[in-house]
Each structure stands twice: as C-alpha cells, then as structure tokens.
Amino acid sequence: MASILLSPALRPTAICPSTTSESNRSLPSRLHSILPRGRRRELESLKVSVATEPRITVPLPSVETQRRGHGKLAAWTSIRQERWEGELVVDGEIPLWLNGTYLRNGPGLWNIEDYDFRHLFDGYATIVRLRFDDGRLLFGHRQIESEAYKAAMKHKRLCYREFSEAPKPDSFLAYVGELAGLFSGASLTDNANTGVVKLADGRVVCLTETIKGSIQIDPDTLDTVGKFEYTDNLGGLIHSAHPIVTDSEFLTLLPDLVRPGYTVVRMAPGTNERKVIGRVNCRGSPAPGWVHSFPVTEHYVVVPEMPLRYCAQNLLKAEPTPLYKFEWHPDSGSYVHVMCKASGKIVASVEVPPFVTFHFINAYEEQDEDGRVTAIIADCCEHNADPTILDKLRLQNLRSFAGQDELPDARVGRFRIPLDGSPIGDLEAALDPDEHGRGMDMCSINPAHLGKKYRYAYACGAQRPCNFPNTLTKIDLVKKKAKNWHDEGAVPSEPFFVAKPGATEEDDGVVISIVSADNGEGYALVLDGSTFEEIARARFPYGLPYGLHGCWVPKEAL
C-alpha cells in the first residue's frame, strides 16, 4: 500500500498512499470511514503523517552541497525537492475556528547546477501552503513555474536578469542584444518570488517588482495557472512589489524612470485593467526612489520618495554594485507625498529626514477635536537611513554568521505629514528600539485596521548578537512596549496575523510563522495574537528556505 519517502530519517513520519486515489479525500479520512473504531484509535495514536508522492522533476543539489559553509541551518539553503504534500503532526492545539490556507512566497532555489546565486532576493520562487482544517494541518510546497525558472532548468544556466544576477552572454553581439532586451523588458525576470495576494474575486497572484513577474497560482493545488496579464495600455516595466489589496480595490505604484515620478493606479475587482488615479513628480533627482511598498489611509495614498534611488547605470552593469540597481543620494532630499484617492490631487508634499525602508506597516488620518484631518501618520520598518542593509542580505553574509553582531539597527519609524501646507514632516521612532532589539522588518497587522488607527503590529525583531532578524515581535504602539518570541539559533519568517471571526479586540486571533531551526529542521508555528504565547507547532519533513511574504485564503474561498 505504501512506499517510503525521502531519507531514512524521515521514514517514521512520511508514508505514501497509492497513486490511484478514488477521490480528493485525504487518506486519514478514507481510513476513518472503513476501519473499526478500535483501529481508528490506533491510527490516531500513531500520529502518522500522510503524503502524496513527491515528484523531483529538476536536478537539485545534495543536502551537503546546499549546506556547505553554513552549518545545519536550512534558512539559506535551496529547497530539497520541487514539491511535497502531506499532513503534519501537531504539537499543541490549533484553534478550531482557524479554517483556511496560509500561503507564503519567497526565494527557494538559489542555484542552477553548480552555480550559486549571490543575493537573498535572487532565488527562484517557492510557494508554501499551510492548510488549517478543523485542528488539522496539511502542508505543501512547490516551485512557481515562471519563464525564468523553466528556462534555467532547461538550459542549465541563468537566462533572465534577477535582482543581482545577469546572464553571461557568449559574445559581444549577444551582450548588445541582452541590453536591448533590458530596455524592452524582455530580459527582465518574471520570477515572482516576493509576495502573494488574494484578489477580491478569489484569484491568487504571486508578485515581484517586474510587472511581467505577476503570476497566478491555484491556492489549492499550488499549480502555476499562468501569467497575470494586465489588459490596459499603461505599459511600464516595474511596480511596487506590495500592492494594497482589499475587497474593493487593488492599488499600486508605477515608478517612472524616464520622467522621474510615480503613477498611482487602481484596479477594480474582477478585472485586469489598471486605471490611473494620478501622478506624483519626484522632487529629488536623478531618479525615483525605490518603492518596494507604500501605505494608504481611508482617503489617501501615501507615496514615499526616499534617497535610495533607481540607477540606470547600475542596471546595465554585468556585476552588481554594493547597492545593486540603486544609488544612495542623501543630498537629493527625502520626501513624502499624499494623494487623494478620489480626485488624484496631491494634498501634501513634505520633506522629511533621510530614511530607508522596505516595508511600511500602516497609515491613518490624524483628526482634531472637530473631526478635521490635520495630518497623516505613516509607520514603517526604518533602517536608520542606512542603505548597507541591502548588501548585508548577500547569501554569503547570511551563511557565515560567527557570533558577532552584524545586523544594522532598525526601528519603527513614524512619519507625521501635516496637511496644513507646511513643507516639513517629522520622522521619529514610534517606541524605544531596544524594546525589539533594534531590529525591525517583515510586518503584518490586523487587516480590519488597514488605513485606520491601530494599536498592534507583528514583525521580526532581534535578539543580539545576530546577522538577521531572529525574533517574532508584537508591538504595542499605545503602551510603546514589545513582546518577543525567540528560539535560540532559529530564523522565523514574517509573522502573519489572522483575526478570529467576529472578534472585537484588535489582537484577538493568531500569528502564523514558518521557522528554520538551528538543527536543520523547520516547523510551522502558531502564536496567540493576544498573549503572544505559543499554542501549536508542527514539524516539516525537512527544513525550508527562508521565505518573504504571505496571504490568507479563507476556507470558503478555496
């Protein structure tokens, strides 16, 4: 009936059913329906993890090759195989109200044959699924089949430009052709390895910063459905990796490298057509600042313009600079612009202190006692205006931690943008950075508070010494305190908050994270959103690479 999967170490917890399954029902469900009650109890007591047959369809490096030079930690290794599916044994109790699927996207394959990629952001996308079903947890992962990934597997070499990697042309003419492809967008990657969002109509799309890197997947099977094609004529090559997605709209920014600025666009549910809300011209030069993410309020879009700016010359280089496709221009100024969603008019454009951020947390409208909006408050994970954080994310750095503290400081940066015509805005720490170890990134909030005044945020902080955020942190912006969860030597990914249905308290829910343990294993972790105490964990069949961002798909949407 069963065949043994993977390595001998995994044999006690990974059993394969026959491939002639008569339905979509899981093997435990079918066994429970045919076994006597006594045998059912025996099966339950064994805590067997049941999996479908994993298919290794691409040549992957050995475990030893993946881990060379950086111990047992699997966070910075390539994925062990292309796909795996099965039920996990849960220690603790998953709340019965938690029914749905958590999807996490991120770079999972950092090599082609013997060629190793250089940067965290280069890897080919791996989508991970945690399906919660009445206290059970079913796990799966597979590679997203982008054109960049499929070409690399077919030709055994890099074929598209990734974050820091560029194809090696065979001749000068091939080099000229590759540069021409860069300007047209043909040679840019579609490796959708950054985020994943559920659109209001139920479609699930994986994203990166190239517009062509928008790929639809099936959240149930994890199959790649195909490229998500925009049907408008706006063109463009890049957009924010983190659109704002709600049940009523999809908002994103399109940086303009020719006429430095940003186009703010909206896409209605059920369509693929982006429509322009308005445009913001850059106040600094020589190019727009990086806009990996941006925040919104109920009535406004907040457009950040930081001095870490796109650089066309760096884009053309075959070998990466320390800032990759960007340049640091602190003398060009740092700005925050506020655009009205309804009219597209810019209601504020203020200069702020220099800043560097990948991820905004949330924003809201500050009102006076008469209910008039007087300012916009926008919070972000701010790296103390230090752009070297980009180079710290080289895989060589992440794999070579020797116990010395190397993680640059970060804080919850709080912007206050006045709407009274003042030309200057404020940027200060929202709480003492020592509360979270002066590390701060990869954040989430209760989605019901998006664009509204809020109290809690969940992020990755630091217990030093470290070279990467290594704690899960709950931030209380009212009490200005933090609670930190830490597993010695482990690397947790983004803490993702899921609210309890019908909850009245902002932190009534759970926080989900995927953790890479220091012994080479990995596990799914569920924390209570209120107490921030662990309530459940489930070990994976093997450690997973570090991932980036996730989304929640309710059970009824599957």
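This is a predicted model, so every value here is computed, not measured.
- A 4.5 Å side-chain heavy-atom check between Pro167 and Arg161 finds at least one atom pair inside the cut-off.
- Donor-acceptor pairing under 3.5 Å is recorded for the side chains of Glu209 and Trp290.
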Going through the checks in order, is the ring pair (Phe, Tyr, Trp, His ring centres under 6.0 Å) test met by Tyr546 and Phe468?
CA-CA 11 Å; Tyr546 182 78; Phe468 194 80; 5.0 Å; yes
Going through the distances and angles, do Thr210 and Thr208 end up as a side-chain hydrogen bond (donor to acceptor under 3.5 Å, both in side chains)?
CA-CA 6 Å; Thr210 63; Thr208 188; 5.3 Å; no
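- Residues Asp223 and Arg142 come closest through the heavy atom pair OD1-NH1, 2.6 Å.
- Annotation: the span from Leu237 atom CG to Lys212 atom NZ amounts to 9.0 Å, rounded to 0.5 Å.
- A distance of 8.5 Å separates CD1 of Ile211 from CG of Leu234, quoted to the nearest 0.5 Å.
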What verdict does the side-chain hydrogen bond (donor to acceptor under 3.5 Å, both in side chains) test give for Asp379 and Tyr364, after you've listed the backbone C-alpha separation in whole Å, the side-chain angles of each residue and the deciding distance to 0.1 Å?
CA-CA 9 Å; Asp379 295 338; Tyr364 61 90; 5.8 Å; no
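- Between Leu477 and Tyr454, some side-chain heavy-atom pair lies under the 4.5 Å cut-off.
- Side-chain atoms of Asp190 come within 3.5 Å of backbone N or O of Glu147 as a donor-acceptor pair.
- Distance alone, capped at 3.5 Å, is enough to place a donor-acceptor pair between the Asp218 side chain and the Thr221 backbone.
- Once rounded to the nearest 0.5 Å, the distance linking OG1 of Thr224 with CD of Gln143 reads 9.5 Å.
- Although no hydrogens or angles enter the test, the distance criterion places no donor-acceptor pair under 3.5 Å between the side chain of Thr473 and the main chain of Cys460.
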Go through Ser240 and Thr252 one step at a time and tell me if the side-chain hydrogen bond (donor to acceptor under 3.5 Å, both in side chains) criterion holds.
CA-CA 6 Å; Ser240 172; Thr252 195; 4.6 Å; no
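- For the atom pair OG1 of Thr194 and CZ of Phe121, the computed distance is 7.5 Å after rounding to the nearest 0.5 Å.
- Remark: the backbone N or O of Leu109 is not paired with any side-chain donor or acceptor of Ser78 at under 3.5 angstrom.
- Proximity of the aromatic rings of Phe117 and Tyr124 is defined here by a centroid distance below 6.0 angstrom, and this criterion is met.
- With hydrogens and angles disregarded, no donor-acceptor distance shorter than 3.5 Å links the side chain of Asn191 to the backbone of Gly213.
- With respect to Arg129 and Glu85, a salt bridge is recorded, a charged nitrogen being found less than 4.0 Å from a carboxylate O.
- Here Phe497 and Trp552 keep their ring centres 6.0 angstrom or further from each other.
- Here the side chain of Thr126 pairs no donor or acceptor atom with the backbone of Pro107 at under 3.5 angstrom.
- Salt bridge present: Asp232 and Arg274 bring a charged side-chain N and a carboxylate O closer than 4.0 Å.
- When side chains are defined from C-beta on, Thr263 does not count as touching Ile277, because their heavy atoms never get closer than 4.5 Å.
- Side-chain contact check for Asp116 versus Leu395: every heavy-atom pair is 4.5 Å or farther apart.
- Proximity of the aromatic rings of Phe228 and Tyr230 is defined here by a centroid distance below 6.0 angstrom, and this criterion is met.
- Partners of Lys555 by salt bridge (charged side-chain N to carboxylate O under 4.0 Å, His left out), not counting sequence neighbours, listed by chain and number: Asp133.
- Proximity of the aromatic rings of Phe139 and Phe540 is defined here by a centroid distance below 6.0 angstrom, and this criterion is met.
- In this structure, the side chains of His239 and Leu207 come closer than 4.5 Å at one or more pairs of heavy atoms.
- In this structure, the ring of Phe132 has its center no less than 6.0 angstrom from the ring center of Tyr102.
- In this structure, Asn362 contributes its side chain and Gly451 its backbone to a donor-acceptor pair below 3.5 Å.
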Could you go through the side-chain contact (heavy atoms from CB on, under 4.5 Å) check for Leu527 and Leu472 one step at a time?
CA-CA 10 Å; Leu527 303 178; Leu472 298 174; 4.0 Å; yes
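- For Ser513 (side chain) and Ser493 (main-chain N/O), a donor-acceptor pair under 3.5 Å exists by modelled atom type.
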Verdict with reasoning, Glu162 to Thr189, per side-chain hydrogen bond (donor to acceptor under 3.5 Å, both in side chains):
CA-CA 6 Å; Glu162 301 298 334; Thr189 188; 2.8 Å; yes
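- Looking at Arg131 and Asp220, a side-chain N of the basic residue comes within less than 4.0 Å of a carboxylate O on the acidic one, giving a salt bridge.
- Val276 places none of its side-chain heavy atoms less than 4.5 Å from the side chain of Val264.
- Salt bridge annotation for Arg104-Glu494: absent, with no cationic side-chain nitrogen under 4.0 angstrom from a carboxylate oxygen.
- Between Tyr456 and His449, the gap from one ring centroid to the other reaches at least 6.0 Å.
- Salt-bridge check for Arg455 with Glu506: failed, with every basic side-chain N at 4.0 Å or more from each acidic carboxylate O.
- We find that Lys341 and Glu249 are joined by a salt bridge, their nearest charged nitrogen and carboxylate oxygen being less than 4.0 Å apart.
- Judged purely by distance below 3.5 Å, without hydrogens or angles, the side chains of Asn484 and His436 never pair a donor atom with an acceptor atom.
- Taking SG from Cys206 and CD1 from Ile217, the interatomic distance works out to 4.0 Å, rounded to the nearest 0.5 Å.
- With respect to the salt-bridge test (charged N to carboxylate O, under 4.0 angstrom), the residues Lys483 and Asp476 do not qualify.
- Although no hydrogens or angles enter the test, the distance criterion places a donor-acceptor pair under 3.5 Å between the side chain of Asn272 and the main chain of Glu229.
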Could you please spell out the steps behind the ring pair (Phe, Tyr, Trp, His ring centres under 6.0 Å) verdict for Tyr324 and His119?
CA-CA 10 Å; Tyr324 302 91; His119 200 277; 4.8 Å; yes
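- Of the possible polar contacts, none joining the Ser164 side chain to the Arg118 backbone as a donor-acceptor pair under 3.5 Å is found.
- Every residue meeting the side-chain contact (heavy atoms from CB on, under 4.5 Å) condition with Asp508, not counting sequence neighbours, appears here in chain and number order: Lys500, Ala503, Glu505.
- In this structure, CG on Leu88 lies 7.5 Å from CG on Leu138, to the nearest 0.5 angstrom.
- The closest side-chain heavy-atom distance from Leu158 to Ile112 is below 4.5 Å.
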